[in-house]
Amino acid sequence: QVQLVESGGRLVQAGDSLRLSCEASGRTINSFSMGWFRRTPGKEREFVAALKWSGGSTLYADSVKGRFTISRDNAQNTDYLQMNSLRPEDTGVYYCAADSKTYLPLTSAQERYTYWGQGTQVTVSS
């Protein structure tokens, strides 16, 4: 089993930067692909970014491309989402997730991700 705990969410101003962390415990995630998703007000949970275990391959939603960066520190068993140039529409609950099917390409499909954190709230004021 893998437990994922997100942290770093808070209230910020539009244009600010924020880094979210996702710490894994229970089992090493070094070989997993990691993803970030978010649930914004009035919308279904949506894909944000994903990263292969090696860190060499990434995938981003069009809405965050160029502003958000996903990374990981395997030694710390931690995954990060660096968010720059934040906008009010980025407000939501951010979830990290782990995909153990690393033999498959990165995906934005939520059903591929086996383990999920509880989420951390990000609020961007205008």
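Since the structure is predicted, the reported quantities are computational estimates derived from the model, not experimental observations.
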Quick one: are [X] and [Y] in side-chain contact, heavy atoms under 4.5 Å?
X      : Y      : value
Leu11  : Ser125 : yes
Phe47  : Gln110 : no
Asp90  : Val122 : no
Tyr80  : Thr69  : no
Thr123 : Val12  : no
Arg38  : Glu46  : yes
Arg19  : Met83  : no
Leu20  : Trp36  : yes

Rounded to the nearest 0.5 Å, what separates atom [atom1] in [X] from atom [atom2] in [Y]?
X      : Y      : atom1 : atom2 : result
Ser71  : Asp79  : OG    : CG    : 7.0 Å
Leu81  : Leu18  : CG    : CG    : 9.0 Å
Gln76  : Ser21  : CD    : OG    : 10.5 Å
Trp116 : Cys96  : CH2   : SG    : 9.0 Å
Tyr94  : Thr120 : OH    : OG1   : 10.5 Å
Asn77  : Ser25  : CG    : OG    : 8.0 Å

Test Leu4 against Met34 for side chain to side chain contact (heavy atoms under 4.5 Å, CB included), laying out the working first. CA-CA 11 Å; Leu4 303 174; Met34 299 300 295; 4.2 Å; yes

Looking only at the side chains, is there a donor atom on one of [X] and [Y] sitting less than 3.5 Å from an acceptor on the other?
X     : Y     : value
Asn84 : Gln82 : yes
Glu89 : Thr91 : no
Thr78 : Asp73 : no

Heavy-atom donor-acceptor pair, [X] side chain to [Y] backbone, under 3.5 Å:
X     : Y      : result
Gln1  : Gly26  : no
Lys52 : Thr102 : yes
Gln13 : Val124 : no

Is the distance between the ring centroids of Phe37 and Tyr113 less than 6.0 Å? yes

Here the pair of heavy atoms bringing Ser17 nearest to Ser85 is OG-N, 4.3 Å

Minimum heavy-atom separation for Pro41 to Gly92, with atom names? CD-CA, 4.5 Å

Using a cut-off of 6.0 Å, state whether more than 12 heavy atoms not belonging to Gln118 lie near its atom CD. no

Atom CD of Glu23: over 12 foreign heavy atoms under 6.0 Å: no

Asp99/Arg112 ion pair, N-O < 4.0 Å: yes

Steps toward side chain to side chain contact (heavy atoms under 4.5 Å, CB included) verdict (Phe68, Leu86): CA-CA 9 Å; Phe68 291 12; Leu86 282 162; 3.9 Å; yes

